[in-house]
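Notes for the one structure printed next.
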Amino acid sequence: MSEIPKAYEPQAVEDKWYQYWLDHKCFTANPRSPKPAWSIVIPPPNVTGVLTLGHVLNNTIQDILARHARMNGHEVLWLPGTDHAGIATQSVVEKDLRKQGAMKHREDLGREKFLEKVWDWKEKHGGIIIQQLKKLGASCDWTRERFTMDPEYSRCVQQAFVDLYNKGLIYRGKRMVNWDPAAQTALSDEEVDMIEEQGHLWHFKYPLLGGEAFLVVATTRPETMLGDEAVAVHPDDPRYQSLHGKQVLLPLRDKPIPIIADPLVDPKFATGCVKVTPAHDPADYEMALRHHLPLTVVIALDGTMTEAAGMDFAGLDRLEARKAVVARMESLGLLLKVENYLHRVGYSQRSNVPIEPYLSEQWFLRYPAVAQSTQAVETGQIKFHPERWSKTYLHWMVNIKDWCISRQLWWGHRVPVWRRDAETRCQVDSPGQGWTQDSDVLDTWFSSWLWPFATMGWPEKTDTLQKFYPTTDLVTGPDIIFFWVARMIMAGFEFTGQPPFRNVYFTGLIRDKQGRKMSKSLGNSPDPLELIAKYGADALRFGVMRSAPLGQDILYDEQQVELGRNFCNKLWNACRFRQMHPGPVQGEIDPGLLSNDDKWILLRLDSAIAEMDAAFAHYKFSEAAATLYRFFWSEYCDWYVEASKAPLQGGDSAHKANTLAVIDFVLSHTLRLFHPFLPFITEELWHDMAYSQDMPPDQGGRTILFAPWPKPLGEDFKLHYGLSDDVLRDMAARQELVIEIRNVRAQFRIPANKKLNLVFHSDFDLPSDEKAVIQILVGADSIKHRSEYQPPKGEPVVYPGPGGKLFIPIAGLFDADAEKARLAKELLKIEAEIEKAQTKLANPDFARKVPPQVLLEHQQRLADWQSKRAQLQDALDALNS
RNA sequence: GGGCGAUUAGCGCAGCGGUAGCGCAGCAGCUUUACACGCUGUUGGUCGGGGGUUCGAAUCCCUCAUCGCCCACCA
């Protein structure tokens, strides 16, 4: 039993317990359980993804919530799964196949063959992240693992499409969309990042038709001029009024194009003349519609120039074409000037190339249940944590625009629309022979937005759905508030009539020590699995949680994980300390035998429990972690364990047993408080310490997972065990005394191994158990009581309370001057405090306006400082006399 | 251009109306029989600047500055 290793070795423990939990089906949710339900769905990671620190943060929080709920007597469902991640996965596989030489373009393989390859790839590389989540300790119900391309899930997606189509919310339209020339698909607005970059503003001369004069237009994209169909000016711009309806000759194309007047033009920008390229700019497209201009497509889907751009440019990449156009214009003397110009360019989030506005036919969704979804967050039916994200959400909801849901990809859910000749049908299954299906697939998010209920068997009214939907919480990053959170809310209301979740916890972003985003290209993203191997999963969890305050980004530092490991080790050794003392486990606590130290630690435990509950209520996990750290390390280990050595080493057997009972009481509560954060080590110790033995099998007997979450001790308990605030006050005074003596030790360089023999000068003696504790805490062999004592001049003295002096005889080791200096320095500090307190109290308004409680506090504080000053002055006087 | 956040000890952060705190680092000492992944003591701060409200402000209000995110069709 006492054979526990000196340092905690997580590797030996973690896999064992995870397997144990799985074997005993601890994470499997029972929809027929009488317990109240608590549920959460995992934000499905990409099937092909690997675990990042972001996942660690996100999933640790979910696990903490789930484990906390379990201990609180809930039937918990944490539903895991993965996302097919359309573009991301398809491009990874394409790259892989090209590298192998299996194809140049996916067309070489054809749709069916290519999809086979993707599935192969998914079988081979998919699900790594699931294994990694298990290493982290995630208590997911793996029997319910889902994938967004599971056959049942796919049916849900298509069913949802058909439903919205039939309601008239999904339509096909020809629009300017964001085109990704690398992935060669349309994207939604949300998939485009506006990146600020240093570009140029080229000023070109367009000659007026039939004259020497010319107009100057400014552009950031010279290559598009090949498709210009007009030059626009503001209708009221006095400079150009006479030119309305005239024409310019488009250089390089030698094509006359009209000068149009349109209010969209800002006369104050550049020359007030804008070249209009209807096919390649959304604003220009709008103007073209108003002025019935033709659309000349000069950039093809793959980003190269078309024949319509002219034979000199056709086939060039758009960026090469830009250079070529500028060079040609310059050689023609039509380049007036080039300015540096800071502007924002839309980039595809996926391919990281500039997107091309492109007119094409796509499927669009007019969002359902918008009003209801907006209201749900406004009224608090769905709560955001931190609350401020609701503002971002509401702003987007108010300005919501139709969603382009079709993608020109192969990996994804096929649009359930069928055509035969001129006929079109929207339904899940093929209408029969001769019908061909729409070739587009749906945006990945069009499947993820159904995640909370599609994973539970919707549209069937399954047991799981009825018990666990709506879910309780959602934990995700604010970067997908539009992509996912908002859309899930709308889907929830539209398809189930209920909000998909009650609370949304938004995590921060994980950054490196320099505040940079974690990214593969920067190489600043550590591998969580390596960290787990090095420090243990619990250490990683604790380190990350300690530094992850609600709503703030997290600066990751490996030191935090190290700290987590050290903390686990501390916990380990504190339990080892208990193990080294033989005695019955969890004995009765006898109120009559409790020392002040015992009472104090019970009160501190009580506070810690209350603080944990408050932290959980507000989703403040870093505060919970800080509470655990402070309580266990600074209070239990630093003070209580040290003090307990007095009765354990020198007390009678009754006191010894009682002390062990208190230790067991505190530790058995502490392990439970720790469990959501440190699942593995707490389970190991729960069994090692045999705290499981007295519990019913399904409430902590078999595993700490179901041990009841500690409740505040309560008034009855405090009364019965004599836990009062006096104890806190007395203990604070004693701790101060101990620190003072240790301070003297340090001041005079008395090594810790040199035992002191203290002299208590007073007309009464201290209780012997109190003396024993003080001796242990300061490293003294004895405290002798003397009613008469003549100390050598300058012998250090401290004051253990009214009417007594505690001398620290260290003959030959101290000198009076040093002691004088020490006291003088101390006195200075106290004088400053007294000064502060007196100024405050001297203010006539203070006494008049302040609450009586606060007034009393200040007066008491002043009195304390003053008596301390008297003591110090006394000691100084003795030195000087 | 709009919105949101941050600014507290060398570094990373808590505190959000009543004595400025934690961790790391620093300094000094310690193989004290749970733990050197440890113990003890200790040095660092007019809480970004300026105004205001208040008996009292790191904490509430205004303003400025710096940094960072998000949203927005000025080419």
Side-chain angles (χ1 to χ4, degrees), chain A residues 4 6-8 176 194 201 217-221 224 232 264-266 268-277 281-286 341 343-344 346 357 386 388-389 391-392 395-396 399 478-479 481-482 509 511 513 515 517 535 539 546-547 549 551-557 559-560 562-581 622-623 626 629-630 634 637-638 641-642 645 649 739 742-747 749-755 776 778-779 833 836-837 840-841 843-851 853-855 857-858 861 864-865:
Chain A
I4 317 184
K6 208 166 161 178
Y8 172 55
M176 262 293 169
M194 300 304 281
L201 195 57
V217 297
T219 181
T220 54
R221 303 199 54 195
T224 62
L264 203 64
V265 179
D266 176 2
K268 289 191 287 295
F269 186 86
T271 57
C273 295
V274 188
K275 58 187 270 313
V276 180
T277 320
D281 183 277
D284 293 4
Y285 176 68
E286 263 179 54
Y341 186 60
H343 67 322
R344 284 150 298 277
R388 68 185 146 85
W389 288 112
K391 213 165 179 173
T392 306
H395 182 257
W396 188 77
N399 298 294
D479 49 333
I481 192 165
F482 311 135
L509 241 56
R511 301 171 176 281
K513 262 199 270 189
K517 260 190 192 176
Y535 298 103
R546 232 181 76 88
S547 51
Q552 290 309 126
D553 285 353
I554 295 114
L555 291 209
Y556 167 79
D557 187 343
Q559 256 181 13
Q560 292 289 347
E562 205 180 317
L563 190 118
R565 183 214 36 196
N566 296 352
F567 188 67
C568 290
N569 195 241
K570 192 74 180 174
L571 182 60
W572 184 257
N573 276 289
C575 287
R576 216 162 68 91
F577 174 77
R578 163 65 181 95
Q579 301 278 59
M580 293 171 91
H581 296 88
S622 64
E623 284 180 26
Y629 193 97
R630 189 216 63 229
S634 309
C637 290
D638 287 354
V641 170
E642 292 309 316
K645 288 174 182 172
Q649 288 167 13
I739 288 170
R742 287 170 174 170
N743 192 333
V744 169
R745 243 186 198 287
Q747 200 83 21
R749 306 280 150 95
I750 305 157
N753 55 356
K754 174 150 175 59
K755 297 292 178 197
I776 283 272
V778 305
E833 291 298 339
K836 243 166 52 182
K840 232 177 190 182
L841 286 164
N843 185 339
D845 281 339
F846 184 76
R848 205 147 37 82
K849 300 192 176 172
V850 97
Q853 175 69 26
V854 176
L855 181 63
E857 257 173 52
H858 278 79
R861 202 178 300 150
D864 288 349
W865 287 123

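Just so we're on the same page: letters track the sequence lines, and every chain starts at 1.
Residue contacts for Asn843(A): at a heavy-atom cut-off of 4.0 Å it reaches the sugar-phosphate backbone alone, with no base atom in range. At the heavy-atom level, Trp396(A) lies nowhere under 4.0 Å from the strands shown. At the heavy-atom level, Ala746(A) lies under 4.0 Å from the strands shown only through sugar-phosphate atoms. Nucleic acid contact class of Ile481(A) (heavy atoms, under 4.0 Å, all strands): none. Within the 4.0 angstrom heavy-atom criterion, no nucleotide atom of any strand lies near Val276(A). Within 4.0 Å of Pro357(A), counting heavy atoms only, lies no atom of the nucleic acid at all. Using a 4.0 Å heavy-atom distance criterion, Ala626(A) is classed as making no nucleic acid contact. Using a 4.0 Å heavy-atom cutoff across all strands shown, Cys568(A) reaches no nucleic acid atom at all. Using a 4.0 Å heavy-atom cutoff across all strands shown, Asn399(A) reaches no nucleic acid atom at all. At a threshold of 4.0 angstrom between heavy atoms, the contacts of Lys570(A) include nucleobase atoms, whether or not backbone atoms are also involved. As judged by a 4.0 angstrom heavy-atom cut-off over every strand, Tyr285(A) is placed among residues making no nucleic acid contact. Within the 4.0 angstrom heavy-atom criterion, base atoms lie near Glu642(A). Among the protein residues, Val641(A) comes within range of the nucleic acid bases, having at least one heavy atom under 4.0 Å from a base atom. Among the protein residues, Arg565(A) comes within range of the nucleic acid bases, having at least one heavy atom under 4.0 Å from a base atom.
Side chain of Lys849(A), nearest nucleotide from A34(B), C55(B), C70(B): C55(B). Each of A34(B), G18(B), A20(B) was ranked by its minimum atom distance to the side chain of Lys836(A); first place goes to A20(B). In the set G5(B), C55(B), C71(B), C55(B) carries the atom at the smallest distance from any side-chain atom of Val850(A). The side chain of Thr392(A) lies closest to C70(B), out of A34(B), A75(B), C70(B). If you check C39(B), C35(B), A72(B) against the side chain of Arg344(A), the one that comes closest is A72(B). The nucleotide whose nearest atom lies closest to any side-chain atom of Arg749(A) is, among G23(B), A28(B), G18(B), A28(B). Among the nucleotides U19(B), C24(B), C74(B), the one closest to the side chain of Gln559(A) is C24(B). Here the nucleotide nearest the side chain of Val274(A), chosen from A75(B), C4(B), U19(B), is A75(B). In the set A34(B), G5(B), G18(B), A34(B) carries the atom at the smallest distance from any side-chain atom of Asn573(A). Across C35(B), G23(B), C39(B), the shortest atom-to-atom separation from the side chain of Asp638(A) is found for C39(B).
The minimum heavy-atom distance linking Arg546(A) with Gln560(A) is given by the pair NE-OE1, 3.7 Å. The two residues Arg578(A) and His581(A) have their closest heavy-atom pair at NH1-O, 2.8 Å. Between Ala539(A) and Arg565(A), the shortest heavy-atom contact is CB-N, 3.3 Å. Across Thr277(A) and Thr224(A), no two heavy atoms sit closer than the pair CG2-O, 3.2 Å. Here the closest non-hydrogen pair linking Gly272(A) and Val265(A) is O-CG1, 3.5 Å. Residue Arg745(A) comes nearest to Lys754(A) through the heavy atom pair NH2-O, 2.9 Å, listed as atom of the first residue, atom of the second, then distance.
For the C1' atom pair drawn from C55(B) and G23(B), the interatomic distance equals 36 Å after rounding to whole Å. Distance check on atom P: G38(B) versus G44(B) gives 25 Å, rounded to whole Å. The same atom, P, is picked in G3(B) and in A9(B); the two are 30 Å apart, to the nearest Å. Here, G52(B) and U46(B) have their P atoms 22 Å apart, quoted to the whole Å. With both ends at atom C1', the span from C60(B) to G15(B) equals 16 Å, rounded to whole Å. G45(B) and G56(B) have their P atoms separated by 26 Å, with the value rounded to a whole Å. G10(B) and U32(B) have their P atoms separated by 34 Å, with the value rounded to a whole Å. Distance noted for atom P between C69(B) and U53(B): 37 Å (whole Å).
Distance Met194(A) CE to A72(B) P: 8 Å, rounded to the nearest Å. One interatomic measurement links the two molecules: CG of Asn743(A) to C1' of G29(B), which rounds to 13 Å at whole-angstrom precision. Taking atom CD of Glu857(A) as the reference point, atom C1' of G17(B) lies 13 Å away to the nearest angstrom. Following rounding to the nearest Å, Trp572(A) (CH2) and A34(B) (C1') show an atom-to-atom distance of 12 Å. Spacing between atom OH of Tyr629(A) and atom C1' of C37(B) amounts to 10 Å, rounded to whole angstrom units. Atom NE2 of His343(A) and atom C1' of C74(B) are 12 Å apart (whole Å). Across the protein-nucleic acid pair, Asp479(A) atom CG and G5(B) atom C1' stand 16 Å apart, rounded to whole Å.
Mapping Thr271(A) and Arg861(A) onto RNA chain B via the closest heavy atom, the residue that lands nearer the 5' end is Arg861(A). Between Phe269(A) and Phe482(A), the residue anchored nearer the 5' end of RNA chain B, judged by the nucleotide with its closest heavy atom, is Phe482(A).
Looking at heavy atoms from C-beta onward, Lys570(A) lies out of side-chain contact with Tyr629(A) at the 4.5 angstrom threshold. Residues Leu841(A) and Leu855(A) form a side-chain contact, since some pair of their non-hydrogen atoms from C-beta on lies under 4.5 Å apart.
Note that the CZ atom of Phe577(A) and the SG atom of Cys637(A) stand 10.0 Å from one another [nearest 0.5 Å].
Proximity of Lys6(A) to the phosphate of C35(B): a side-chain N or O atom is located under 4.0 Å from OP1 or OP2. For the pair Arg388(A) and C4(B), the criterion of a side-chain N or O lying under 4.0 Å from OP1 or OP2 is not met. Of the side-chain N and O atoms in Asn566(A), one or more sit less than 4.0 angstrom from OP1 or OP2 of G38(B). Side-chain N/O atoms of Lys391(A) include one lying less than 4.0 angstrom from OP1 or OP2 on C4(B).
Syn is the conformation of G44(B), whose glycosidic angle sits no further than 90° from 0.
Using a distance-only test at 3.5 Å, with no hydrogens or angles considered, no donor-acceptor pair links the side chain of Arg742(A) to the main chain of Gly779(A). Proximity of a side-chain donor or acceptor of Asn573(A) to a complementary backbone N or O of Asn569(A) within less than 3.5 Å is detected.
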Between N or O atoms, less than 3.5 Å apart, protein on one side and nucleotides 31-33 of chain B on the other: list the pairs.
unit_1	atom_1	unit_2	atom_2	d
U31(B)	OP1	Asn753(A)	ND2	3.3

Checklist entry - According to the Watson-Crick and G-U wobble definition with distances under 3.5 Å, which dot-bracket string, read 5' to 3', encodes RNA chain B, using [ ] for crossing pairs and | for pairs with another strand? => result ((((((((.[[[[.)..(..]]]].(((((.......))))).....[[[[[..)....]]]]])))))))....

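Ion pairing between a basic and an acidic side chain is recognised when a charged N comes within 4.0 Å of a carboxylate O; Asp864(A) and Arg861(A) show no such pairing.
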